[in-house]
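These notes are about the structure you will find just below.
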Amino acid sequence: MMTEERALFIIFGGSGDLAQRKLYPALYGLYFQGRLAKHFAVIGTARRPWTDDHYHEVVKQSLVGAPGSAHQKTEFAEHFYYQSHDVTDAAHYVTLQKLASKLNLQYQLDGNRIFYMAMAPRFFATIAEHVKSEQLLSPDGYNRLIVEKPFGRDYASAKQLNDDISQAFSEEQIYRIDHYLGKEMVQDIMPLRFTNPFLENVWSNQFIDNIQITLAEDIGVEERAGYYETAGALRDMVQNHIFQIIAMLTMEKPSRYDATAIHEAKRAVLAAIKPYTPAQVHTNFVRGQYVGGDNLGLSYREEDNIAADSTVETYVAGRVDIDNDRWRGVPIYLRTGKKMPAKTSRIDIVFKPTKDNILPTTGNAPVRANVVTLIIEPDTGMHITLNGKEIGVSDAVSPFTLDHALDKDELAKAPEAYQRLLLNILEGNKLTFTHWDELAASWHFIDAVRNVWDNDKADGLAFYPSETMGPKQADELLSRDHRTWIWQGK
């Protein structure tokens with residue numbers, strides 16, 4: 001039987017884009033499934049002088065296209081309350097506490113409170129300070145804090161941010177959200193690795209030649225120009241999403257299936273990725289920026305709110321090496337970029353080629369390597385490339401692929417990433433969130449790369465035409481190791 005969760009959500013930034021595009025539809029998904037029913041409430045706070053009625057209309061507008069009747073959506077929206085709020089004004093937190101106490105009794109919430117910081121990180125410390133000083137923390141139920149990226153701009157700012165919010169919340173209460181960890185195929189990495197002996201027993205440098213992670217977008221910077229000029233692809237995609245995927249792929253088998261053991265396994269493998277020297281950065285990382293042209297749209301530097309001489313990267317490719325017994329010698333190649341030929345997120349695990357092949361091949365070509373491919377989006381599934389006999393009278397070896405793709409009905413059963421992660425928070429399940437130690441380890445590596453690029457300025461920035469696979473230097477990164485990218489944009 002499905003359990004109904006009880007909680008009060010206090011969303012700082014309740015009028016913002018994140019709340020309307022992701023949070024309200026995700027909460028409604030839980031409501032539609034029965035995980036939220038009578039015993040929940042939401043307080044949205046922001047500077048805008050909205051009324052509750054206007055807030056209800058905003059919430060319902062965010063649900064256009066969602067399943068369910070208009071009546072269901074109206075009933076859902078009636079659980080939402082709006083407070084115009086200045087995060088620097090202590091008096092507003094006193095008012096917020098009174099409303100929270102009232103709703104706790106009205107909806108029988110057992111004192112459970114979830115604080116969601118859907119605002120710019122510069123406000124996190126102020127909010128945490130007032131939440132504690134104005135006694136918004138519940139003395140009865142649980143208190144949980146959700147923090148969105150970007151969590152800092154480097155290790156120093158991330159640590160300061162962590163120290164600030166830790167004045168009010170303990171590490172056990174902090175949920176650093178990374179929506180990639182809520183995606184179906186990322187969630188499937190542990191079951192695939194640890195419940196299939198034919199994979200678990202070859203998941204090491206004895207059998208794996210290299211790992212490739214590709215997070216490609218076919219769009220440009222669009223409305224995120226202001227943020228992107230301060231972040232770039234390295235901070236936006238590599239420091240969080242890609243490093244978390246690396247940790248999931250390469251960590252040792254946890255001693256048990258719980259958050260503490262899994263976070264320790266992830267922390268240990270990330271600590272084994274040593275930051276590069278400046279010379280190693282130049283050798284192992286490539287940065288690029290898209291340019292437009294006829295039928296290709298604007299160049300990055302021509303986009304609104306982008307500096308005409310910007311050196312911010314819209315593309316990153318790199319090689320990461322793990323210095324431990326399991327993975328030493330196995331390069332992990334990563335790339336992410338905007339204005340690439342297609343949108344795709346995928347992982348390719350490339351196995352070592354067959355040695356001393358005795359079987360004939362077409363044209364004496366080498367036997368293809370086995371590849372396990374996890375497709376995260378836009379499709380969801382996996383492919384395994386194997387070798388067998390060519391069809392017909394020939395004895396030649398030929399590759400073939402085993403495919404497993406989720407169909408529309410299966411995908412409909414899979415919750416959207418934010419819906420899954422919000423349910424995990426309601427359940428107190430921290431498996432799919434980022435621990436501070438993991439974040440610190442990734443920042444140490446990223447800082448070493450970022451510092452070199454900041455010192456180089458425009459030197460080393462490669463330009464690539466929109467709708468291509470990125471700068472040629474990204475291909476050279478692999479070709480010098482006598483390897484190629486598996487995904488070629490099709």
Looking at [X], I'd like to know if its [atom1] atom is crowded, meaning that more than 12 non-hydrogen atoms belonging to other residues, nucleotides or ligands lie closer than 6.0 Å.
X    : atom1 : answer
Q61  : CD    : no
R480 : CZ    : yes
D304 : CG    : no
N201 : CG    : yes

Under 6.0 Å between ring centres: does that hold for [X] and [Y]?
X    : Y    : result
H179 : H241 : yes
F433 : Y175 : yes
Y315 : Y464 : yes

After noting the C-alpha distance and the side-chain angles of V350 and N210, does the key distance pass the side chain to side chain contact (heavy atoms under 4.5 Å, CB included) rule? CA-CA 5 Å; V350 185; N210 70 91; 3.6 Å; yes

Give the minimum heavy-atom separation between [X] and [Y], together with the two atoms involved.
X    : Y    : result
E303 : V221 : CG-CG1, 3.7 Å
L422 : L23  : CD1-O, 4.3 Å
P121 : L161 : O-CD1, 3.7 Å
I262 : P254 : CG1-CG, 3.8 Å

Taking [X] first and then [Y], would you say they form a salt bridge - that is, a charged N and a carboxylate O separated by under 4.0 Å?
X    : Y    : answer
D481 : R319 : yes
E200 : K253 : yes
K339 : D218 : no
K343 : E377 : yes
K457 : D454 : no
D17  : K22  : no
R224 : D236 : yes
E313 : R450 : yes

Could you tell me whether the side chains of [X] and [Y] share a donor-acceptor contact shorter than 3.5 Å?
X    : Y    : result
S157 : D154 : yes
D86  : H92  : no
T314 : Q289 : no
D456 : H282 : yes
Q160 : D164 : yes
Y290 : E467 : no
E171 : S166 : no
T214 : R335 : yes
N162 : R176 : yes

Ring-plane angle category for [X] and [Y], please: parallel below 30°, perpendicular beyond 60°, tilted otherwise.
X    : Y    : result
W485 : Y333 : perpendicular
F12  : Y93  : tilted
F243 : F445 : tilted

Evaluate ring pair (Phe, Tyr, Trp, His ring centres under 6.0 Å) for F169 paired with F115, printing each intermediate quantity in order. CA-CA 10 Å; F169 297 90; F115 301 85; 5.7 Å; yes

Would the distance check show the side chain of [X] and the main-chain N or O of [Y] forming a donor-acceptor pair, the cut-off being under 3.5 Å?
X    : Y    : value
E184 : I376 : no
R144 : I425 : yes
Q206 : V202 : no

Output, in order, the C-alpha distance, side-chain angles, deciding distance and verdict of side-chain hydrogen bond (donor to acceptor under 3.5 Å, both in side chains) for T432 and N424. CA-CA 8 Å; T432 50; N424 289 160; 2.8 Å; yes

With a cut-off of under 6.0 Å to the ring centre and 45° to the axis, is K183 in cation-pi contact with Y180? yes

Supply the atom-to-atom distance [X] [atom1] to [Y] [atom2], rounded to the nearest 0.5 angstrom.
X    : Y    : atom1 : atom2 : answer
I446 : W443 : CD1   : CH2   : 7.0 Å
T434 : K149 : OG1   : NZ    : 11.0 Å
D379 : T344 : CG    : OG1   : 8.0 Å
L431 : Y257 : CG    : OH    : 5.0 Å
H263 : D258 : NE2   : CG    : 9.0 Å
T283 : Q280 : OG1   : CD    : 7.5 Å

Any residue meeting side-chain contact (heavy atoms from CB on, under 4.5 Å) with A441, in chain and number order, not counting sequence neighbours: L270

Only counting residues at least two apart or in another chain, list the ones meeting side-chain hydrogen bond (donor to acceptor under 3.5 Å, both in side chains) with Q244.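 Testing Q244 for side-chain hydrogen bond (donor to acceptor under 3.5 Å, both in side chains), a comparison that skips the adjacent residues, returns K266, E438.
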
